Amino acid sequence: MGSYLNPGNFSFCGSLRSKIYVDKSELIAKTNEVLCTEQRYICVSRPRRFGKSMAANMLAAYYDRSENTEELFQNLAIREDKSYKENLNQYDVIKINMQEFLSMSGTMEEMLEMLKNYLAADFEETYPEVRFRDEKNLIQVMKDVFSYTRCPFVILIDEWDCLFREYKQDKDAQKKYLDFLRAWLKDKDYVALAYMTGILPIKKYGSHSALNMFTEYSMTDPGDLAEYFGFTEREVSALCKKYEMSFEEAKTWYDGYQLIAHRQTGDEIYSMYSPKSVVEAMLRHKFGTYWNQTETYEALKIYIQMDMDGLKDSVVRMLAGEAVPIHIGTFSNDMTTFAMKDDVLTLLVHLGYLTYNSINETASIPNKEVSREYVNAISTMNWHGVADSVESSRKLLESLWAMDADAVAAGVEKAHEEISILQYNDENSLSCTIQLAFYFAREYYTMVRELPAGKGFADVCMIPRPCHLDKPAIVIELKWDKSAVGAIEQIKEKQYGNALKDYQGNLLLAGINYNRKTKKHECVIETMQK
């Protein structure tokens, strides 16, 4: 068989049998369900680091009939599924990486012409006995092959959206590309399954999509495929145990993508981890930022510095640990059409720089690894106040540990002056400023914010992570035109809040008050054992 009609000698078997892998073969069962219905088209969009190509390779190995691959799956979960034998090695498979063709071409037209010619040549070589009515017409060639073999094709397209990412402004090229895919795939008897993977959802033109036959699964709506977008918490926990790595640290670095499957029995939430980052951490035996091996902070910088009303405020609030409201309905599924800040934030969700909660309709920065990319990007922009506050956060935390109340008050006041992007007129902004001022504390603590209630202001609780139990737990109570001493008393009355109910050890209580008339902060710090 030719190199485009199947995956060749299954060189990707290394992915399935590598030193670190997670059995995601249940995805095959979900795909088999699609094969049994009239809806035979799947498009999965997720960030590059979430293992799209590995999933496509696994599907190719399972469906392709040119080789017996049963041995590959004998120890995987799919073997127990009733559909396993029915579809194993039963189809002709076409597996294409669109990025390869685009890289070899100068224009979109040249890319499509090359793709059609290469595929047609492969068909002629693979089926010399077939009489082709038009060797240059790919659709007719595939009709002729199907008429001869009566075996439909499983078509797997990786990086399907590369043209939208590299030809961002060329709307005409994008439309022609979508029209080609529709003419090639839609309502064709020779298609058993068309499965596409990429970063972006399918582009819409006007009120409809040129590829409206596809069922889409994305970072904003993963559906029943939610648990297959990356490594689940259970799987990462098992890997940490196997490689003697701290699971709590893995959570801090790589957890945070909450993918929600809405089912008849209720919503199911999956904590999703980037396979690329987890594998690198396990093999290197070191937690760190592995994002920049597939992306750079320059890509993030392009979007967060756009002149969209409220965009900077939202980014700063998310950097401080908040979740911000987001409306994803106006996103045009491309990288250039932005009518409002929500369109930019939605793109960042699809690129993996944010996570989306479909229940609360909010976006947030998922974890420490991604947060560092925001800090890297901001450090090279003109957001000097934000960058300076993050840079000063180490010294501010040390002042708090030393119980230097004056230094803490001065540090918070400096952060207030620097973070001019925020409107400093309510308790949420005050709490946001505090959390950003103590950004460095996340190296040692899990930060918990309790939302304001009644006349009280937000607590900021800092709970030492298991590997930093030598550090004191911290509760910060905020007041507005009251007193720092009153804030301390309120902490005691609340009995430290639910966030610290299981904590035992050294505890720092910090009361911080902001006086609107003098525009000054005051701080009182006490220590106690809990």
Side-chain angles (χ1 to χ4, degrees), residues 1-13 40-43 52-53 56-69 89-164 166-167 173-198 210-211 213:
M1 295 282 278
S3 59
Y4 295 101
L5 294 187
N6 66 41
N9 64 355
F10 300 107
S11 60
F12 56 82
C13 290
R40 299 167 295 170
Y41 304 88
I42 297 176
C43 181
K52 303 184 303 297
S53 300
N57 287 338
M58 181 172 64
L59 292 173
Y62 173 76
Y63 287 117
D64 185 61
R65 69 173 181 152
S66 68
E67 294 191 40
N68 183 352
T69 59
N89 302 138
Q90 295 297 310
Y91 300 91
D92 285 331
V93 172
I94 300 175
K95 182 174 179 293
I96 300 167
N97 187 320
M98 282 293 183
Q99 184 67 59
E100 293 180 2
F101 284 93
L102 187 61
S103 299
M104 293 187 290
S105 311
T107 65
M108 184 278 304
E109 288 81 5
E110 185 180 336
M111 180 193 80
L112 293 184
E113 195 64 26
M114 181 185 298
L115 173 65
K116 289 186 283 188
N117 289 341
Y118 278 32
L119 285 174
D122 257 10
F123 278 115
E124 287 189 69
E125 180 182 337
T126 305
Y127 302 100
E129 65 276 19
V130 175
R131 180 177 175 274
F132 296 106
R133 282 171 278 186
D134 185 354
E135 294 89 346
K136 295 184 178 181
N137 186 323
L138 175 62
I139 293 175
Q140 187 58 54
V141 166
M142 293 185 67
K143 285 182 177 180
D144 292 340
V145 171
F146 176 64
S147 179
Y148 176 78
T149 65
R150 305 312 299 173
C151 180
F153 292 92
V154 168
I155 301 173
L156 306 172
I157 303 176
D158 196 13
E159 303 285 357
W160 85 271
D161 60 336
C162 60
L163 185 133
F164 291 90
E166 297 196 23
Y167 286 66
Q174 295 173 11
K175 190 174 187 303
K176 288 179 180 178
Y177 175 57
L178 288 178
D179 288 341
F180 161 74
L181 292 176
R182 178 179 58 187
W184 179 34
L185 302 175
K186 187 173 183 179
D187 299 328
K188 296 298 187 290
D189 290 338
Y190 56 70
V191 176
L193 169 71
Y195 182 100
M196 303 196 308
T197 68
L211 300 178
M213 69 281 198

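Worth saying up front: this structure is predicted, and the values here are computed from it rather than measured.
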Is any side-chain heavy atom of [X] less than 4.5 Å from a side-chain heavy atom of [Y]?
X	Y	value
Tyr62	Leu59	no
Ile42	Met196	no
Arg150	Val145	no

Under the 3.5 angstrom rule, does the side chain of [X] hit a backbone N or O of [Y] as a donor-acceptor pair?
X	Y	value
Ser105	Thr107	no
Asn117	Glu113	yes
Asp161	Phe164	no
Asn89	Asp64	yes
Arg40	Val191	yes
Glu159	Thr197	no
Tyr41	Leu185	yes
Lys188	Ala183	yes

Hey, which of Phe146, Tyr127, Tyr190, Tyr63 is the one that makes side-chain contact (heavy atoms from CB on, under 4.5 Å) with Asp92?
Tyr127

Give the intermediate values and the outcome of side-chain contact (heavy atoms from CB on, under 4.5 Å) for residues Lys175 and Leu178.
CA-CA 5 Å; Lys175 190 174 187 303; Leu178 288 178; 5.8 Å; no

Starting at [atom1] of [X], measure out to [atom2] of [Y] and round the result to the nearest 0.5 Å.
X	Y	atom1	atom2	value
Asp134	Lys143	CG	NZ	11.5 Å
Phe180	Glu109	CZ	CD	12.5 Å
Met114	Glu100	CE	CD	11.5 Å
Tyr177	Cys162	OH	SG	5.5 Å
Ser103	Met98	OG	CE	12.5 Å
Tyr195	Ile157	OH	CD1	12.5 Å

Passes side-chain contact (heavy atoms from CB on, under 4.5 Å), Tyr118 versus Phe101? Steps please.
CA-CA 10 Å; Tyr118 278 32; Phe101 284 93; 3.9 Å; yes

N-O pairing of [X] and [Y] below 4.0 Å:
X	Y	answer
Arg131	Asp144	no
Asp158	Lys95	no
Asp179	Lys176	no

Shortest non-hydrogen separation from [X] to [Y] and the atoms involved:
X	Y	answer
Leu211	Arg182	CD2-N, 3.5 Å
Arg65	Cys151	NE-SG, 3.7 Å
Trp160	Cys43	NE1-SG, 3.7 Å
Lys186	Met213	CB-CE, 3.7 Å
Val141	Glu135	CG2-O, 3.7 Å
Ala192	Val154	CB-CG2, 4.5 Å

Trp184 vs Leu181, test: side-chain contact (heavy atoms from CB on, under 4.5 Å). Steps then yes/no.
CA-CA 5 Å; Trp184 179 34; Leu181 292 176; 4.2 Å; yes

Sorted by chain and residue number, the ring pair (Phe, Tyr, Trp, His ring centres under 6.0 Å) partners of Phe132 (sequence neighbours excluded) come out as none

Full working for ring-ring contact (aromatic ring centres under 6.0 Å, His included) between Phe123 and Tyr148
CA-CA 12 Å; Phe123 278 115; Tyr148 176 78; over 10 Å; no

Are Leu119 and Ile96 close enough, and set up right, to give a side-chain contact (heavy atoms from CB on, under 4.5 Å), and what steps lead you there?
CA-CA 10 Å; Leu119 285 174; Ile96 300 167; 4.0 Å; yes

